[in-house]
Visitor: 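Here you go, one structure.
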Amino acid sequence: MAIEGLIDELNGNGLYPLTSNRYRKAMRIQSTILAVAATFAASTPALAEIPAPVRAMIDAAIATGDAKKVATVIDLAKETNPTEADEIDALNAAFLADQKHAAKLAEKRKELLIRHASVFDRWKGRGQLGGSRSTGNSDTIGISAAIDLKRTGIDWTHHISASVDYQRSDGVTTRERYNALYEPRYDIRDNFFAYGLAQFERDTFQGFDARYSTSLGVGYQLIESNNMNLSIKAGPALRRTEYTAGGGGETRLAGLIGYDFDWKLADSLKFTQNSNLVADSASSGTVIFDSSTTTVALTTGLEAKITPKFSTQFTYQINYDSNPPVGAEKTDTISRVTLVYGF
């Protein structure tokens, strides 16, 4: 309401007797108020509207859901339309909020699917197959095969692997090695985990028909990224060995130390290395790590992708036994070139 109208209304009700001095004073107040309002309006520009082509460009980027693309378009739009920066920032903030909400929903959905998955679901694996054949002065055939399966849950990871290396030359078997392993892993917190291990080995050329190893322990994930993973583990173990020569066997307490290392050198090239070292104690019932027998299984590999599913892999494996049976070598090596299929 204008000052004049307010004064007339009050004077008409007898609440504000009108005098010339009071009237002039009221007019001065009104002038001051109007001047301040005009100054404030001039210093506060109206919120500009984003031009239609710029808005269409931003909307198109947001529709892709690509955060990097949206950030690029937003920066370009603000540089070319500085007066609309506030509205552009508001659009970007709304997009980021939607992205965050969508990520939370996706994570909850993923967790729900994992919790309700059956024991046969969520397995991923790799199969390897390699072979060789030579004729002429010698008739030799060699076969190398392996399978590796892994199931990752919220807290648990299950790992199963099996391999066989067989070679026959001039009718005589010159290599026969089998290996099977099951290793569950439970994430305790942060990068700490607990593991279990059950392993079977057979290598008559190393002097044993069967070797069973079990272990429980803890480990730590030192590095975990898209390109590199490194973990270490250690714990007590129990080993049962059944020898080839003369039969018989023995059971010993042992200690296990192991590590797993994967390094993605490029998009299509990966370096892998893993090992388990088991030190047997001198007698059952006592764990002594300066033991009479130490075995080392070390595998180093280089893998190159051919297609998203197929790749080739070269591996070099060293099996060392510090106290092998009579007639057996301490060190045994295997070189493999295999075709790998991922599923």
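These numbers were taken from a predicted model, which means no experiment stands behind them. The analysis underlying the following values was restricted to heavy atoms, covering all of them including side chains, and did not include hydrogens, waters or symmetry mates.
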Visitor: Can you see which heavy atom on Phe120 is nearest to which on Trp123, and at what distance?
Guide: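 Heavy atoms only, the tightest pair is O-CD1, 3.4 Å.
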Visitor: Measure the acute angle between the ring planes of Tyr341 and Phe310, then classify it against the limits of 30° and 60° as parallel, tilted or perpendicular.
Guide: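 Judged by the thresholds at 30° and 60°, the geometry between Tyr341 and Phe310 is tilted.
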Visitor: Within a strict 4.5 Å, meaning less than it, do heavy atoms of the Asp148 and Gln128 side chains meet?
Guide: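 Contact flag for Asp148/Gln128 side chains = no.
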Visitor: Are any side-chain N or O atoms of Asp170 and backbone N or O atoms of Asp139, one a donor and one an acceptor, separated by less than 3.5 Å?
Guide: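 Answer holds: yes.
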Visitor: So, do Val164 and Ile143 sit near enough that their side-chain heavy atoms are less than 4.5 Å apart?
Guide: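 With C-beta onward as the side chain, the pair stays apart.
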Visitor: Within a radius of less than 6.0 Å around CD of Glu250, do more than 12 heavy atoms belonging to other residues, nucleotides or ligands occur?
Guide: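 Yes, CD of Glu250 has more than 12 neighbouring heavy atoms, counting only those of other groups under 6.0 Å.
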Visitor: Is the shortest side-chain heavy-atom distance between Leu91 and Ile50 below 4.5 Å?
Guide: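 SC-SC contact between Leu91 and Ile50 confirmed.
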Visitor: Aromatic contact between Tyr243 and Phe208, with the criterion being ring centroids under 6.0 Å apart: yes or no?
Guide: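 When the ring centroids of Tyr243 and Phe208 are compared, they turn out to be at least 6.0 Å apart.
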Visitor: More than 12 heavy atoms of other residues, nucleotides or ligands under 6.0 Å from CZ of Arg55: is that the case?
Guide: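 No, because the 6.0 Å sphere around CZ of Arg55 holds 12 heavy atoms or fewer from other groups.
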Visitor: What distance separates Ile88 CD1 from Thr80 OG1, expressed to the nearest 0.5 Å?
Guide: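 Those atoms lie 6.5 Å apart.
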Visitor: Taking all atoms of both residues into account, what is the closest heavy-atom pair of Lys68 and Asp66, and its distance?
Guide: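 Where Lys68 meets Asp66 most closely, the heavy atoms are N-OD1, 3.0 Å.
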Visitor: To the nearest 0.5 Å, tell me how far Thr300 OG1 sits from Leu302 CG.
Guide: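 One finds 10.0 Å between OG1 of Thr300 and CG of Leu302.
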Visitor: Is Arg177 salt-bridged to Glu201, cutoff N-O under 4.0 Å?
Guide: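 Result for this pair is yes, salt bridge flagged.
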Visitor: Could you see if Phe314 belongs to whatever hydrophobic cluster contains Ile334? Use Ile, Leu, Val, Met, Phe, Trp, Tyr and a side-chain cutoff under 4.5 Å.
Guide: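 Result: no, two separate clusters.
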Visitor: How far apart are the C-alpha atoms of Lys264 and Asn226, what are their side-chain angles, what is the distance that settles it, and do they pass the side-chain contact (heavy atoms from CB on, under 4.5 Å) test?
Guide: CA-CA 8 Å; Lys264 187 176 180 182; Asn226 293 331; over 6 Å; no
Visitor: Rounded at 0.5 Å granularity, tell me how far CG in Leu256 sits from CG in Leu238.
Guide: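 That separation rounds to 12.0 Å.
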Visitor: Do any N or O atoms from the side chain of Asp203 and from the backbone of Gln206 form a donor-acceptor pair under 3.5 angstrom?
Guide: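 Between the backbone of Gln206 and the side chain of Asp203 there is a qualifying donor-acceptor contact (under 3.5 Å).
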Visitor: Tell me yes or no: between the side chains of Arg240 and Thr251, is some donor less than 3.5 Å from an acceptor?
Guide: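 Yes, Thr251 and Arg240 have a side-chain donor paired with an acceptor closer than 3.5 Å.
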Visitor: Do any N or O atoms from the side chain of Ser215 and from the backbone of Pro236 form a donor-acceptor pair under 3.5 angstrom?
Guide: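 Judged by distance alone, yes, a pair lies under 3.5 Å.
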Visitor: Are Trp263 and Ile223 co-members of a hydrophobic cluster defined by side-chain heavy atoms under 4.5 Å apart?
Guide: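 Result: yes, single cluster for both.
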Visitor: Is a side-chain donor or acceptor of Asp190 paired with a backbone partner of Phe192 at a separation under 3.5 angstrom?
Guide: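 No, because the side chain of Asp190 does not come within donor-acceptor range (under 3.5 Å) of the backbone of Phe192.
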Visitor: Please lay out, stage by stage, how Glu183 and Leu181 fare under the test side-chain contact (heavy atoms from CB on, under 4.5 Å).
Guide: CA-CA 7 Å; Glu183 183 176 357; Leu181 175 147; 3.9 Å; yes
Visitor: Judged by modelled atom types alone, do Ser144 and Asp165 share a side-chain donor-acceptor pair under 3.5 Å?
Guide: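 Distance-only check passes for Ser144 and Asp165.
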Visitor: When you measure from the centre of the six-membered ring of Phe193, is the NZ or CZ of Arg185 under 6.0 Å away and within 45° of the axis?
Guide: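 Yes, Arg185 lies over the aromatic ring of Phe193.
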Visitor: How many angstroms lie between atom CD of Gln99 and atom CD1 of Ile62, to the nearest 0.5 angstrom?
Guide: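 So the gap between those two atoms works out to 9.5 Å.
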Visitor: Quick one: pull up OG1 in Thr152 and NZ in Lys124 and give me the separation to the nearest 0.5 Å.
Guide: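 Answer rounded to 0.5 Å: 8.0 Å.
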Visitor: Which heavy atom of Pro184 sits nearest a heavy atom of Leu197, and at what distance?
Guide: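 Looking at all heavy atoms of both residues, the closest pair is CD-N, 4.5 Å.
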Visitor: If we only count heavy atoms from C-beta on, is the Thr315 to Gln317 side-chain gap below 4.5 Å?
Guide: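 No - every pair of side-chain heavy atoms lies 4.5 Å or more apart.
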Visitor: Just to verify, which of Asn191, Asp260, Asp262 counts as forming a side chain to side chain contact (heavy atoms under 4.5 Å, CB included) with Ser231?
Guide: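 Output: one option passes, namely Asp260.
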Visitor: Applying side-chain contact (heavy atoms from CB on, under 4.5 Å), run through Val296 and Ile318 and close with a yes or a no.
Guide: CA-CA 8 Å; Val296 179; Ile318 299 174; over 6 Å; no
Visitor: Would you call Ile58 and Ile74 a side-chain contact if the rule is heavy atoms closer than 4.5 Å?
Guide: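 Touching, per the 4.5 Å side-chain cut-off.
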Visitor: Hey, are Arg126 and Ser311 close enough side-chain-wise for a donor-acceptor pair under 3.5 Å?
Guide: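 The answer is no; no qualifying pair exists.
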Visitor: How many angstroms lie between OG1 in Thr312 and CG in Leu339, if you round to the nearest 0.5 Å?
Guide: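 The CG atom of Leu339 is 7.5 Å from OG1 of Thr312, to the nearest 0.5 Å.
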Visitor: Between Arg175 and Asp332, does any side-chain N to carboxylate O distance fall below 4.0 Å?
Guide: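 Salt bridge between Arg175 and Asp332, a charged N being under 4.0 Å from a carboxylate O: yes.
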Visitor: So do the side chains of Phe205 and Thr173 get within less than 4.5 Å of each other, counting heavy atoms only?
Guide: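 In contact.
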Visitor: For a quick test of reading the model, state the closest non-hydrogen atom pair linking Gly125 to Leu149 and the distance between them.
Guide: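 Scanning both residues, the minimum pair turns out to be CA-CD2, 4.0 Å.
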Visitor: May I ask whether Val70 and Leu76 are part of the same hydrophobic cluster, defined by side-chain heavy atoms of I, L, V, M, F, W, Y residues being less than 4.5 angstrom apart, directly or through others?
Guide: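 No, it is not one cluster - the side chains of Val70 and Leu76 are not joined through contacts under 4.5 Å.
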Visitor: What heavy-atom pair brings Gly153 and Ile114 nearest, and what distance separates the two atoms?
Guide: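 Closest heavy-atom pair between Gly153 and Ile114: CA-CG2, 3.9 Å.
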Visitor: Are Tyr195 and Ile160 connected in a single hydrophobic cluster, I mean Ile/Leu/Val/Met/Phe/Trp/Tyr linked by side-chain heavy atoms less than 4.5 Å apart?
Guide: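 Each belongs to a different hydrophobic cluster.
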Visitor: Looking at Ser118 and Arg151, what are the two nearest heavy atoms and their distance?
Guide: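 In terms of heavy atoms, the two residues are closest at O-NH2, 3.0 Å.
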Visitor: Kindly indicate whether the side chain of Leu222, heavy atoms from C-beta on, has any atom under 4.5 Å from the side chain of Ile232.
Guide: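 In short, these two side chains touch, coming nearer than 4.5 Å.
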Visitor: Between Val172 and Tyr166, is there a shared hydrophobic cluster once you connect ILVMFWY residues whose side-chain heavy atoms come closer than 4.5 Å?
Guide: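 No: no chain of side-chain contacts under 4.5 Å links Val172 to Tyr166.
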Visitor: Asn229 versus Glu224: any side-chain heavy-atom pair under 4.5 Å?
Guide: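 In contact.
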Visitor: Set out, in order, the CA-CA distance, both residues' side-chain angles and the distance that settles side chain to side chain donor-acceptor pair (under 3.5 Å) for Arg239 and Thr295, then state yes or no.
Guide: CA-CA 11 Å; Arg239 167 172 285 183; Thr295 63; 3.0 Å; yes
